[in-house]
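Data block below; observations after.
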Amino acid sequence: MIIHWADVIAERLKDGGPHTLATGITPSGPVHIGNLREVMTADAVYRALVDRGVEARLIYIADTYDRLRRLYPFLDESFREHVGKPLSEIPCPEGCCSSYAEHFLQPFLRSMDILDIKPEVYRADQLYKEGVYLDAIKIALKKRDEIARILKEISGRDVAPTWSPFDPICRDCGRMNTTRVTGFDPDAEKVDYVCECGSSGSVSMRGGGKLVWRVDWPARWHIFKVTVEPFGKDHATAGGSYDTGKRISEDVYSYPAPYPIVYEWIHLKGKGAMHSSTGLVVTVQEMLDVVPPEVLRYLIIRTKPEKHIEFDPGLPLLTLVDEYDQRRGDARALELSSIGHSEPFNIPFRHMVTAVQIARDDEDLLLKVLERSGYETSRRDEILARARNVRIWLERYAPPFVKFEVKETLPQAVRNITQEERRGLGLLAERIDGKSAQEIHDEIYAVANELGLDPKKFFQAVYLAFLGERQGPKAGWFLASLDRDFVKQRLIEASLA
C-alpha cells in the first residue's frame, strides 16, 4: 500500500511536536494557484499531524513589508515612483483597499477561507511596527560580520563592505533599496542611514525598516518557533536562501532550522511556470470560479510536492473534476481534499457542460434537462453552483469544439447528408421512445450497422441535424437531454429534407 506523501512527512515528525507549520507569500501581484501549492502543502501536513493526535498550529505570514521590486506588466506607469517602497506603504492600484499589499492579499485570504485553510494570519509590516522583530534586528546588526561570513561561506558570494542585514526606509523618499546603514544604537533602538535621494537621519527599529530576506527568514523561524516549512525549489538550491538561513538560524539565533518541504512549480500547459511578475497566472479565485474548492485542493494534494504539476484548464480539468466527484483517485488524497462532509456529486462535469449549453440561462430547464438524462436533481443548490462553474469554464477555457448551440430550426447543413443517412435519421426517430441515454447511443450504432453506414459519418449526420456542425457532445446523452418530442420531430424533418 502506498502511503500518501503528507502522511509520510507527518510520520517522521510525529514524535517531535508540538509543531508550528509556517507558510507565507509576498503579495506583490495576483496570487495564483502556483503560490497556493505552498499553503496547500503546509495544510495537508498539518491535517496529517492532527489526524495522528500531534499538537500543531498553522501560520501564514504575508510579506507585506517586502519592497516593490520593479514596475510589473500589470501596473501603470504611475507606479514607477513606488519601486523600492514597502508594499504596505504603496497605494492600492484600484483604490479599493488600504494599500497595494492588501489589494492582492485580501482575495487570497478569502480564497483560503473557501478552501477551508484556516491559518493564523500575520502581516509582516504590522510585526515590524509592533516590535516583534526588535530583538532579531538587534542581534543581526551586532552580528553583521558573522552573518556576512556565513553568506560568503554558503553562497560563495562576497558582500559589500557597506552591506547591512537591515534595510532602513528613507524618511523622505520612502524607499528601502536606496538606503545604506551608517550606524545603530541598540539602546535607543535607532538605525542611522543615508539615502541616494540625499536624505540622511535615523529610523526606529520598530517599523523603520526590515531585515533583508536571507536574514528575515531565519529570524522568523526563531520568533514563531517554526518547525516545518514548505518552500519553492528556488530557495532549495545549493547555497540558496534555505542553506544560508539554516546556518544563520543555528549560529546567530541559536534555533534549529525547520523541517524543509521543497515543492516544484505549477506549470500552465504550453506556457511554463506561473509567476505574478510576468502576468502568467491563473489566480486562485479564477480557479474557484470554475471548480469546487475540494477539486482545487485535490489538484495539488494528489501530487507529491517534488513533482511539478502541468495544469491544463481545458478538457483535462473536466477529467479532474469527474475523478474527484466519482472518488476514483487516491483515497487519502481525496480525504485530505474534502471540506466538511461533502457527498460525491453524481452528475459528470462533462455532462453538465452539455446540459448548461442546452438550457442556457434557464435554471428550471437545466433541471429538466438533467432529469431527462436520468440524473437525480434534489441537490438543486449544488447543481446550480456547478452550472455557474460550467458557464465560466465555457467562457474562459473551453476549446471551441466543445461549444455548441441547438438550432431552433433545421440547419441548412443537413443538405450535406446522404440519402441513406436521411433514412437512418428517420429510423432513429422511430426507435428512441422510452430509451435511456446509453440505449439511444447504442441505437445510433445499431441503425448505422443495419443500413451499412459508416458509424462516424452517421453520428456526424445526427449532429448536423441539431447543431449544424459535424461534432458535438456525446450523442446519446445529448439527445436524451433534449425534449423527446423535439428530438423525434427534428430527426423526421432532417430525414425528409
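For reference, positions follow the sequence shown, starting with 1.
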Any idea which heavy atoms bring I169 and G209 closest together, and the distance? CG1-CA, 3.7 Å
Using residues 284-292 as the side-chain source, report each donor-acceptor pair under 3.5 Å to any protein atom, sequence neighbours left out, with the distance given to one decimal.
residue : atom : partner : partner atom : Å
Q285    : NE2  : D289    : OD1          : 3.0
E286    : OE1  : T283    : N            : 2.9
E286    : OE1  : T283    : OG1          : 3.4
D289    : OD2  : R396    : NH1          : 3.2
D289    : OD2  : R396    : NH2          : 3.1

As a test of understanding, state which of S99, S98, C97 forms a side chain to side chain contact (heavy atoms under 4.5 Å, CB included) with C92. C97
Correct closest heavy-atom pair for Y193 and T182 would be N-OG1, 3.6 Å
Kindly indicate whether the side chain of P119, heavy atoms from C-beta on, has any atom under 4.5 Å from the side chain of I59. no
Between R175 (side chain only) and V83 (backbone N and O only), is there a donor and an acceptor less than 3.5 Å apart? yes
H4 side chain to I301 backbone, donor-acceptor under 3.5 Å: yes
Backbone N or O of D243 within a donor-acceptor pair of the R247 side chain at under 3.5 Å? no
Below 30° counts as parallel, above 60° as perpendicular, anything between as tilted: where do the rings of F231 and H235 land? perpendicular
Restricting to non-hydrogen atoms, name the atom on R327 and the atom on P344 that form the minimum distance, rounded to 0.1 Å. NH2-N, 3.7 Å
F74 and G29 have their tightest heavy-atom pair at CZ-CA, 3.6 Å
Would you say T178's side chain and E196's backbone share a donor-acceptor pair under 3.5 angstrom? no
Around atom CZ of R57, are there more than 12 heavy atoms of other residues, nucleotides or ligands at under 6.0 Å? yes
Take E363 and R391 through the test salt bridge (Lys or Arg N to Asp or Glu O under 4.0 Å) and record every step on the way to the result. CA-CA 12 Å; E363 294 181 351; R391 290 188 192 98; 5.7 Å; no
Under 3.5 Å, is there a donor-acceptor pair between the side chain of Y253 and the main chain of A136? yes
D63 and its side chain to side chain donor-acceptor pair (under 3.5 Å) partner, picked from R123, R220, K210: R220
Distance-only side-chain donor-acceptor flag, R350 / T319, under 3.5 Å: yes
Hey, is the main chain of V45 close enough, under 3.5 Å, to the side chain of W5 for a donor-acceptor pair? no
Any side-chain donor near an acceptor of the partner, T162 and R180, under 3.5 Å: no
Side-chain heavy atoms of H82 within contact of Y100, under 4.5 Å: no
Does the pair W221 and Y242 meet the rule for a ring pair (Phe, Tyr, Trp, His ring centres under 6.0 Å), with working shown? CA-CA 11 Å; W221 297 338; Y242 181 75; 5.8 Å; yes
Gap between atom CG of L151 and atom CZ of R149 - 0.5 Å precision: 10.5 Å
Reported CD1-to-OG1 distance for the pair I261 and T41, which is rounded to 0.5 angstrom: 7.0 Å
Candidate pair E335 and R332, rule salt bridge (Lys or Arg N to Asp or Glu O under 4.0 Å), full reasoning: CA-CA 5 Å; E335 182 182 7; R332 181 57 170 159; 3.0 Å; yes
With distance as the sole test, does Q357 use its side chain to make a donor-acceptor pair with the main-chain N or O of V402 at under 3.5 Å? yes
How about NZ on K246, more than 12 heavy atoms from neighbouring residues, nucleotides or ligands closer than 6.0 Å, or not? no
Looking at T26 and S28, would you say the former's side chain and the latter's main chain have a donor-acceptor pair under 3.5 Å? no
Ignoring hydrogens and angles, tell me if any N or O in the side chain of E264 forms a donor-acceptor pair with the backbone of K233 under 3.5 Å. no
Between T179 and P168, which heavy-atom pair has the shortest distance, and what is it? OG1-O, 2.7 Å
With ring-ring contact (aromatic ring centres under 6.0 Å, His included) as the test, pick out the partner of Y122 among Y60, Y133, Y65, F224. F224
Answer yes or no: does atom NZ of K118 have more than 12 heavy-atom neighbours from other residues, nucleotides or ligands under 6.0 Å? yes
Salt-bridge contact E11-K14 (side-chain N to carboxylate O under 4.0 Å): yes
Can R12 be said to sit on top of Y259's aromatic six-ring, NZ or CZ under 6.0 Å from centre and within 45° of the ring axis? no
Student check: side-chain heavy atoms of R297 and I117 closer than 4.5 Å: yes
Within 45° cone of F108 ring axis and under 6.0 Å: R110 NZ or CZ: no
Non-hydrogen atoms of A257 and E250 that approach each other most closely: N-OE2, 4.0 Å
Flag yes if more than 12 heavy atoms outside R380 fall under 6.0 Å of its CZ atom; otherwise flag no. yes
Is the backbone N or O of P348 less than 3.5 Å from a side-chain atom of D322, with the two atoms forming a donor-acceptor pair by type? no
Rounding to 0.5 Å, atoms CD (E81) and SG (C173) come to a distance of 11.0 Å
